[in-house]
2 protein chains.
Amino acid sequence: MAEVFAARRDRLRERYADNGGAVLISRPANVRYLAGTAPPGAVLLIGPDGDTLCCPATPLSGVPESGRTDEALRPALLPEDGPDPVIVAAGLARRAKAGELAVEEHHLTVARYRAIGSEVPGLRLADVGLAVERQRIVKDEEEIACLRIAAEITDQALGELLESILVGRTERHLALELERRLVDHGADGPAFPTSVATGPNSGRRGHRPTDRRVEEGDFLTVCVGADYRGYRCEIGRTFVIGTTPADWQIELYELVFAAQRAARESLRPGMAYRDVDLAARRILDGAGHGAGLAPLTGHGVGLEIDEDPQLTPAAMGKLDACVPVTVEPGVHLPGRGGVRIDDTLVVRQEADGGPELLTITTKELLAL
Amino acid sequence: MAEVFAARRDRLRERYADNGGAVLISRPANVRYLAGTAPPGAVLLIGPDGDTLCCPATPLSGVPESGRTDEALRPALLPEDGPDPVIVAAGLARRAKAGELAVEEHHLTVARYRAIGSEVPGLRLADVGLAVERQRIVKDEEEIACLRIAAEITDQALGELLESILVGRTERHLALELERRLVDHGADGPAFPTSVATGPNSGRRGHRPTDRRVEEGDFLTVCVGADYRGYRCEIGRTFVIGTTPADWQIELYELVFAAQRAARESLRPGMAYRDVDLAARRILDGAGHGAGLAPLTGHGVGLEIDEDPQLTPAAMGKLDACVPVTVEPGVHLPGRGGVRIDDTLVVRQEADGGPELLTITTKELLAL
């Protein structure tokens, strides 16, 4: 494993550090991607004479895990009430005679940036931009294996919930129960705040669970995902409560299902992000739901639940193989409710079987 | 309520905006403090011609709540995939002919700061520093009422857990159960990740729950708190599992209890932060535990779980009335375990009865 992280750092080193520069990574997901661990507050220095993970100590931390497994990475443990790790790392870069220090201007605050300038003078500051985020878009098979396990855990937790009695329970309770089950099955935690939406709330993207109770005849929309070793997936399903879905429910469900399937089937290397979005949007738009649609049909997942690429009408760029994305169209009818269907898939070559569906819970309209 | 928020903003306006300047607040807890609400991504502009809350829309947001109750605050709802609210707010400041815009340099990223400079030229940028954080230290009675309810909820959840059977259950399960009970009793969620530590883990500050099961003879340390309407409190207690605590357990417990009591009793307006820390530290140090102690004895709480003041040996400043703080000394003996005792209290004048204890669960050494 240690070589994986060293190889990831080498790609940055080639671009920024090989002619005597250094790179300072502060965004936690990027630190984790490059170092294999990201204790709270840790920053990573990729320097001309080697790499250092600067960690503020806590009573618990001790030597960070990757310090033991990754010989190419020096850990520097700072006292808990000690200096800002960013300043320590900049000092190390200067001592290693780095001429330039590239920082993450989209993460570093103005105050910390100024502090580097005043406390470690003589370093030319540059911007590393979104270099690490871009590097993170295409996943290796170890990363995909983590996402696959995250999806398995999520499917299990959701499956168990569906076997229990739902009528009369609140959105909030169902969400908590799902999160408990994720952890029971080995998740490090939920990948994002679990959304459970009933009746008129169903189908709303990002709905925060309320004290509304599940009633007969409701649509029930669940959106949940596990975090497994830092990797986060997402599934969304809509069910109907009771035995006989109403006609409008069946109709709306079939429409969203068709839109979701069209976007899923469009996933292949070389496909423009915007065309994936369009595949779903066109169908919902054609049925008269264009105005209320979310601005995106899906997004990348990985060490964060919302990564690049963004599958939106204005997105530039094309899919590569080994990019995991969500496909999550939905329609919400104010006052009535609605449907969302959300999967996590990995883009694969046609020859490799096409898109790999990670979240395998059925997408039939179940009456619970 | 709306007047409360307007009055808070007026204090900033007097300092920064009255001579034609404007203030841009981006740190979420500060936005919430000044606007009464902080939808994800929202920023607040305090301008010469009035105040605006710039919110990126989500399919759910609609008009932010305070927009209905706080007539002095204009809501500006931006499209979900629209421009950075920081840029919109800066544009409003320029349109209102503000000469200078003070930003939170300790929160704003370098990239957003640069974007203001390039997309809204002609505004002189200044730093508002920690002005809002400082204003937040002394709480009003409405804020203290929220903290009181948060503490009541926390006491209830902890009390219920103590009545259940603990032996054989894992730290992780106990933590999840506590968090569920917090929500059952009306919390918006946990104030911070609940810590449950058993046996050799007990007494460790910030311990992350593991799969270790509670055993007879263990010390069990629980640290938990509720978030009620954004206000966060904290309680920590250590129990012994089984009927007869060992001598070392009784001794260590009495020591930490004495240290915690000394610090609690030192809480009064005018007392130096460092002397509150010293009151506890001196006792633990005198018993030979000085080396392993945490760098702080307590900290402020409010809209964040870790606010100013910091009760540390090097802290400058003195307590005021109506400042809520934690008092949380602990000792951990590697390999054996330890004790932490943690309360949330509000500093009050002697004439008003001295420090107000919000977390009232007993601090007797209970054998469970």
Side-chain angles (χ1 to χ4, degrees), chain A residues 26-27 40 57-61 79-82 103-115 125 127 129-130 170 172-173 175-177 179-184 186 188-189 193 195 197 201 203-209 211 292-296 310 312-315 330 332 334 338, chain B residues 26-27 40 57-61 79-82 103-116 125 127 129-130 170 172-173 175-177 179-184 186 188-189 193 197 201 203-209 211 292-296 310 312-315 330 332 334 338:
Chain A
S26 54
R27 189 174 177 184
T58 68
L60 312 181
S61 48
E80 192 183 1
D81 46 355
V103 301
E104 295 189 289
E105 291 194 352
H106 61 295
H107 179 263
L108 210 59
T109 64
V110 177
R112 296 177 94 189
Y113 186 88
R114 287 200 204 288
L125 295 181
D127 185 13
L130 299 171
T170 68
R172 212 192 276 257
H173 266 98
L176 282 167
E177 169 149 349
E179 295 189 356
R180 187 178 61 74
R181 289 185 188 277
L182 291 176
V183 174
D184 279 353
D188 295 319
S195 177
N201 300 328
R204 298 172 91 187
R205 189 159 71 93
H207 174 74
R208 295 184 141 208
D211 288 326
L293 295 185
L296 89 181
Q310 299 289 310
T312 67
H332 175 254
Chain B
S26 54
R27 189 175 177 181
T58 68
L60 313 180
S61 48
E80 192 183 2
D81 47 354
V103 301
E104 295 189 290
E105 291 195 353
H106 62 294
H107 180 264
L108 210 60
T109 65
V110 177
R112 297 177 94 189
Y113 185 88
R114 286 200 204 289
I116 296 175
L125 294 181
D127 184 13
L130 299 170
T170 68
R172 213 191 277 255
H173 266 98
L176 282 167
E177 168 148 351
E179 294 188 356
R180 187 179 60 75
R181 288 185 188 277
L182 290 176
V183 174
D184 279 352
D188 295 318
N201 300 329
R204 298 172 93 189
R205 189 159 72 93
H207 174 74
R208 294 184 140 208
D211 289 326
L293 295 184
L296 89 180
Q310 298 289 309
T312 67
H332 175 254

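Below, chain A is the first sequence line, B the second, and so on; all start at residue 1.
Contacts of A:Asp211 with chain B are absent, with no heavy-atom separation under 4.5 Å from either backbone or side chain. Contacts of B:Arg172 with chain A are made by side-chain atoms alone, with heavy-atom separations under 4.5 Å and no backbone atom involved.
Among A:Thr312, A:Leu176, A:Leu296, the residue with the largest count of heavy-atom pairs under 4.5 Å with chain B is A:Leu176. Chain A forms the most heavy-atom pairs under 4.5 Å with one residue out of B:Arg180, B:His107, B:His332, B:Arg114, and that residue is B:Arg114.
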Quiz item: What do the steps show when you test A:His173 against B:Asp184 for side chain to side chain contact (heavy atoms under 4.5 Å, CB included), and what is the final call?
Solution: CA-CA 8 Å; A:His173 266 98; B:Asp184 279 352; 2.6 Å; yes
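Taking every heavy atom of both residues into account, A:Gln310 and A:Ala315 meet most closely at O-CB, 3.1 Å.
In this structure, the side chains of A:Val103 and B:Val110 stay at 4.5 Å or more apart for every pair of heavy atoms.
Looking at B:His106 and B:Asp127, their side chains never bring a donor and an acceptor atom within 3.5 Å of each other.
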